[in-house]
Amino acid sequence: MAELPSLTIAEARDGLKKRDFSAKELTEAHIRAVESARALNAFITETPEIALKQAEDSDARLKSGAARAMEGIPIAMKDLFCTKDVLTTAASHILDGFKPRYESTVSANLWKSGAVMLGKSNLDEFAMGSSNITSYYKPVENPWRKRGDNRPLVPGGSSGGSAAAVAARIAMGATGTDTGGSIRQPAAFCGIVGIKPTYGRCSRWGIVAFASSLDQAGPMTRTVKDAAIMLAAMAGHDPKDSTSAPQPVPDFEGALTGDIRGLKVGVPKEYRMDGMSPEIGKLWDQGLAWLKEAGAETREISLPHTKYALPVYYIIAPAEASSNLARYDGVRYGLRVPGETLTDMYENTRAAGFGAEVRRRILIGTYVLSAGYYDAYYRKAQRVRTLISRDFKSAFEDVDVILAPTAPTPAFAIGEKMDDPIAMYLNDVFTVPASLAGLPAVSVPAGLSSDGLPLGLQLIGRAFDEETVLRAAGVLETAADFTQMPVGAS
Amino acid sequence: MSLDKATVAHIATLARIKLEDAELDRMAGELSHILAWIEQLNEVDVQNVPPLASVVDTKLPWRADKVTDGGYAQDIVANAPDPAHEFFTVPKVVE
């Protein structure tokens, strides 16, 4: 039998049910794996005692035949989800020592379905970044290396610790959150599956807020089936989040029939842009060929406002962030830096507590919302966002799902793209449009670059049609047969 | 749109983030660079296009105007940097 941490969630579920191994054994194997992979810096806080306690409960349930959907499955929890009495940092200095007195809805749902928490995974500060280098707790390393080049690479971001942990086989799955690509881009960089469900599918309650009209939680796993299993455990209506959708959670796993005959797949012509690596263009064509071989029809579509998605995003997301992050004032939780007056205390605390990228985004957001500029920037962006959303609506009159690359390049070295914020923002060029339109989208590992790094393909679907997205992703996964593993994983 | 130092200082005051003088210059450059890139939105005709307020067509639910939660002040102040009894504290604001 393979090493326990390299099993998929579905395989582990079967093994636990057949009593091939216990939840405690599975958890202990993962705790050891987490310890031996500390060089990756995937976790901000490890929680082995909690994990072992949860595993014991799982074993009791497995024994009594009362196993739940994720019973005994060890996962990483992105450190943006509030976890009761467990340090929750959002990778920011300003949340020093913050131990929430409550549990986020998504994490509570996972514990209620039997999942086991290995720890809180690292991320970009307040989920603002595409490389995990803005974390106050230092960057995460991608477990992959370029062939013949041992320089550490970024895992992508913002859910970089989650992606690295899953790829390195130290967690069977991990939660991510995606505001403009923060699940899909790191999934692509680390060679795993990541799905951002429809806005409203998962409750945002208890997730440290970045941009509330965009933030959405989703699973990061090694297979599409595992993503379906974990998404079902995370999702569901929550009265505590008024934007959470009052819709039943479908049987995502059951949607993976492997049958996509007659499925209409759209290929947005505007996504073939300058600067895209040629091998990513080739992989995209290969992905279309695989879907066609499985019986799908492909057709070119137009999403004419694609090029405006990034500038729209970099108005709306910072605007909402500047408002959400106003709560960090040194009074109610986290860091306080003293000052003579109340205003001094606020200003000192926020200057010391926020890192450079977070400060930059708060300032941009404050500016675009300020008197005299609101109409020119924020309202204008909201209007262009309407056009972007309409582009998708009209495309989905002709097609069932859209295939595109996830990111324009494979993972880059830690330290690259640091000088120009816009170069970093361009990482999200293929992921931001679906975020702005609130649509479900998944990244599936589909091949390797010429220097041996994973590349992902993205499928975007209609609102609340994760089933079609996952079904097509399953077909893509089978065709791509991506079995390569990062350095050191087995 | 290019931001000068005085404008950045004003925004920083609105955002309650203390910026040193040297930082103001650097930030003015960075923000101007980002705003210049955002300017491309001016090419888009948005006449008669309403601003998008909600991505999914769901109505916000109503609920009864009733207290449904509370009664745990100790939990609320548990993470405060300098709480006193069941209160948050701030520097003196009234002489």
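Throughout, protein chains are lettered first and strands after them, A, B, ... in sequence-line order, and every chain is numbered starting at 1.
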For [X] and [Y], work out which heavy atoms get closest and say how close.
X      : Y      : answer
B:N79  : A:R101 : ND2-CG, 4.5 Å
A:Y333 : B:P81  : N-CD, 4.0 Å
A:L387 : B:V44  : CD1-CG1, 3.6 Å
A:V331 : B:A80  : O-CB, 3.7 Å
B:M27  : A:L363 : CG-CD1, 3.6 Å

Item to check | Check: B:P51 main-chain N/O paired with A:R379 side-chain donor or acceptor under 3.5 Å | outcome: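 Side chain of A:R379 to backbone of B:P51: no pair is present.
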Item to check | Sidechain N-carboxylate O distance under 4.0 Å for B:E30, A:R359 | outcome: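 Here B:E30 does not pair with A:R359 in a salt bridge, since their nearest N and O are not under 4.0 Å apart.
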Next on the checklist: Please determine whether side-chain contact (heavy atoms from CB on, under 4.5 Å) holds for the pair B:I38 and A:Y377, giving the CA-CA distance in whole Å, both sets of side-chain angles, and the decisive distance to 0.1 Å.
Outcome noted: CA-CA 9 Å; B:I38 284 172; A:Y377 289 107; 4.1 Å; yes
Next on the checklist: Going by side-chain contact (heavy atoms from CB on, under 4.5 Å), B:R16 matches just one of A:D329, A:T343, A:N348. Which one?
Outcome noted: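 Testing B:R16 for a side-chain contact (heavy atoms from CB on, under 4.5 Å) against A:D329, A:T343, A:N348 leaves exactly one candidate, A:T343.
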Item to check | Heavy-atom contact with chain B under 4.5 Å, split by part of A:E340 | outcome: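 The backbone, not the side chain.
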Next on the checklist: Return the CG to NE2 distance between B:L41 and A:H305, rounded to the nearest 0.5 Å.
Outcome noted: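 These two atoms lie 10.5 Å from each other.
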Next on the checklist: Could you go through B:T89 and A:R336, starting from their C-alpha distance and side-chain angles, then the distance that decides it, and tell me whether this counts as side-chain contact (heavy atoms from CB on, under 4.5 Å)?
Outcome noted: CA-CA 11 Å; B:T89 60; A:R336 167 182 286 196; 3.7 Å; yes
Checklist entry - Side chain, backbone, both or neither: which part of B:Q40 has a non-hydrogen atom closer than 4.5 Å to chain A? => result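 Looking at B:Q40, backbone and side chain both touch chain A.
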